[in-house]
Amino acid sequence: MANTSSARKAVRKMITRTEVNRARRSRVRTFIRRFEDSMMNKQENVQQTFKKVESEIMRAVTKGVLHKKTASRKISRLSKRLKSIRLSLQS
């Protein structure tokens with residue numbers, strides 16, 4: 001338990017930041033899920049959905065929710081899957 005007033009305030013801030021970051025992480029996961037659903041259904045707007053996912057992931061980086069290299073890895077893997085889907089549709 002926090003003993004000083006500054007420590008109590010730090011605990012309050014930590015709880016608030018945790019809630020905000022949890023919401024942001026959930027938002028990123030939702031965007032990724034929408035992208036994967038659109039890929040599975042082979043919808044026409046997969047490219048637009050990918051752009052939204054990419055921007056949302058990079059936004060999470062600027063907010064400090066994800067590390068930059070983690071975000072780059074996720075985007076890279078998603079773009080690789082998008083490319084493989086596009087190539088299979090052309091065949």
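For the single chain, residues carry numbers from 1 onward in sequence order. In this text, all values refer to a predicted model and were calculated from it rather than measured experimentally.
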List the atom of S38, the atom of V46, and the distance in Å for their closest heavy-atom pair. O-CG2, 3.6 Å

Where is the tightest heavy-atom contact between L82 and Q47, given as atom of each residue plus distance? CD2-OE1, 3.5 Å

Atom pairs and distances, donor-acceptor, side-chain atoms in residues 10-32, under 3.5 Å, two or more places apart:
unit_1: T16; atom_1: OG1; unit_2: R12; atom_2: O; d: 3.0
unit_1: T18; atom_1: OG1; unit_2: M14; atom_2: O; d: 2.7
unit_1: N21; atom_1: ND2; unit_2: R17; atom_2: O; d: 3.4
unit_1: R27; atom_1: NE; unit_2: E56; atom_2: OE1; d: 3.3
unit_1: R27; atom_1: NE; unit_2: E56; atom_2: OE2; d: 2.8
unit_1: R27; atom_1: NH2; unit_2: E56; atom_2: OE1; d: 3.4
unit_1: T30; atom_1: OG1; unit_2: S26; atom_2: O; d: 2.9

Are there more than 12 heavy atoms of other residues, nucleotides or ligands under 6.0 Å from atom CG of N41? yes

Give every residue pair that meets the ring pair (Phe, Tyr, Trp, His ring centres under 6.0 Å) criterion with at least one member in residues 35-66, sequence neighbours excluded. F35-F50

Report, one line per pair, each donor and acceptor closer than 3.5 Å where one atom sits in a side chain of residues 70-80; sequence neighbours left out.
unit_1: S72; atom_1: OG; unit_2: K68; atom_2: O; d: 3.1
unit_1: S79; atom_1: OG; unit_2: I75; atom_2: O; d: 3.3
unit_1: S79; atom_1: OG; unit_2: S76; atom_2: O; d: 2.8

Approximate separation, where rounding is to 0.5 Å, of S5 OG and R8 CZ: 7.0 Å

Distance from E54 atom CD to K51 atom NZ, nearest 0.5 Å? 9.0 Å

